[in-house]
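Here is how names work: the chains are called A, B, and so on, in the same order as the sequence lines, proteins then strands, and each is numbered from 1. For clarity, every value in this text was computed on a predicted model and none was experimentally measured.
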2 protein chains.
Amino acid sequence: MDPITSSVSAGEGAHSEPKYSETAIRILDAAEGLFVELGMEATSLRLITQQAAVNLAAVNYHFRSKDALFEAVFLRRFGPWATECLRELDALEGRVAAGAEPLTAEAVVWSYVRPALALSKDPSRGGVMFVRLFSRVLVENHRQLRETMSRQYGDLVTRYTRALGRALPGLTEQEVEWRMHLGFSVMFHAFAGNDILKVFGRSAVSARDPDMIVRHMVPFVVAGLTSPPSGRSGK
Amino acid sequence: MDPITSSVSAGEGAHSEPKYSETAIRILDAAEGLFVELGMEATSLRLITQQAAVNLAAVNYHFRSKDALFEAVFLRRFGPWATECLRELDALEGRVAAGAEPLTAEAVVWSYVRPALALSKDPSRGGVMFVRLFSRVLVENHRQLRETMSRQYGDLVTRYTRALGRALPGLTEQEVEWRMHLGFSVMFHAFAGNDILKVFGRSAVSARDPDMIVRHMVPFVVAGLTSPPSGRSGK
DNA sequence: ACTCGTTTGAAACATACGTTTATTTCATGC
DNA sequence: GCATGAAATAAACGTATGTTTCAAACGAGT
């Protein structure tokens, strides 16, 4: 029988995670690394199955198609990360509501950075691979994945935007959205190591240590987020 | 005869631009749009030649291979842009040397943003396409292109790094490189419109007007660049 | 021991790809 | 008006792709 309908649809309802068989996991692991390194299009199923030491047909058996495999690879990491982000946000807003601390942009940033950092350091959850995969999704156009994301995780963005807006009073809603966009862009691509300097071969920086990335990135982003409002806000 | 050896190698020496035949230009234009939209791997020569209304073999005739075509597509835009950036930097440093203005981080940023903005608004030079293509190059691994870039344009990065370092005294060399990396990441991906919010379907922001992008982006980046040095500088 | 649903396995499928080959068309110089 | 080299064309090449097929192996339940 189709293992897809049993596992995936069982895990469809509200953010729960599907269980995978051992060979399915081997496929996911191999595919993850290759998708990150070569991109979705340039990675062949034969390369994946060879590296995973499983049969070629196993991919279509366990995941129905290459596209569905890509989505599974991505969502396996994204789901837990999104959950952790929401938990961090909940905790932060709880402390703020209790008057234990003010709601600052830096605190909001950390509620995103902390899960990303934890994830980066945990190889069993994909380590830094996931962030690099995510940065690919941002650039490539995976239509179906985007639909899934906006359907299933749209509220995450809403939550962050609202929190940031509260942390940055005096900014128009549009300015908040822009800074959110800019700030998250930096964070994603910094974590992913999409370094311009790397392209030019002058990459003394790319030590790729997550702690160091965070140490330089967070002050940069917080400074950008909290900079004084521009004279006239955009149309 | 091979049109490649005549045109490209004629334009090899020191940043000059090769001349292309009309059909070659048609191919470059079609390929540019498709590479941006679909990525290098997902774009087939058949799609390109069909859209350019030229024969399939014309690509290999004029550009030798698909890889070489990609490089040509990229360098056609990158060359003039790099030249303009260097001219802006020269002009800035000239004014600074003459004591006409101080060397600020914002001025350095503008020496990059101005050419990018001009390019974004000029459809005859690819418009916003090029920046989006560039952001793909940052994420995908085009080995040969990277070699060409670092060989031919490595000095551009050196110039920017040095200028930024002078504009930001009190920062260690490493901090300057980090901020440079972060700042340019924002600028590239902001111009390219690689919007995280877009992935989640909540893209009120992405009006994609270059002027508005710049208006929000520059203050953000300048704030990040000029933020006070972090306590202990990273190892 | 046998059955039945699940999972693997090897092979084939049709298609699409980048590239190459010959041939034809075309413009230009003599 | 013909020869010459560049450019366009149609067709084929070999290979690699995602997917499907169908038979074999497996593993628990009775």
Can you check the [X] [atom1] to [N] [atom2] distance for me, whole Å?
X     : N      : atom1 : atom2 : answer
B:F63 : C:dG18 : CZ    : C1'   : 16 Å
B:L45 : C:dT19 : CG    : P     : 6 Å
B:L38 : C:dC17 : CG    : P     : 11 Å
A:Q50 : D:dG18 : CD    : P     : 13 Å
A:H62 : D:dT20 : NE2   : C1'   : 16 Å
B:R46 : D:dC13 : CZ    : C1'   : 11 Å
B:E41 : C:dG18 : CD    : C1'   : 12 Å
B:Y61 : D:dA7  : OH    : P     : 4 Å

Item to check | Distance below 4.0 Å between B:S44 side-chain N/O and C:dA16 OP1 or OP2 | outcome: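 Answer is no, no contact under 4.0 Å.
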Checklist entry - Between C:dT8 and A:T23, is there an OP1 or OP2 to side-chain N/O distance shorter than 4.0 Å? => result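 For C:dT8, OP1/OP2 do have a side-chain N/O of A:T23 under 4.0 Å.
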Next on the checklist: Below 30° counts as parallel, above 60° as perpendicular, anything between as tilted: where do the rings of B:F78 and B:F74 land?
Outcome noted: parallel
Checklist entry - For A:A57 and B:K66, take the nucleotide of DNA chain C holding the closest heavy atom to each; which residue's nucleotide lies nearer the 5' end? => result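 Nearer the 5' end of the strand: A:A57.
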Item to check | B:V59 vs A:S21, nearer the 5' end of DNA chain C by closest nucleotide | outcome: A:S21
Next on the checklist: Are the side chains of A:L69 and A:N60 in contact, using a 4.5 Å heavy-atom criterion?
Outcome noted: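 A side-chain contact is absent here, since even the closest heavy-atom pair is not under 4.5 Å.
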Checklist outcome for this item: Nearest heavy-atom contact between A:L45 and A:V59 is CD2-CG1, 3.8 Å
Checklist entry - What does B:T43 touch in the nucleic acid at a heavy-atom separation under 4.0 angstrom: a base, only the sugar-phosphate, or nothing? => result sugar-phosphate
Checklist entry - Would B:F191 and B:F130 count as a close aromatic pair, with their ring centres under 6.0 Å? => result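 Ring-ring flag for B:F191/B:F130: false, centres at least 6.0 Å apart.
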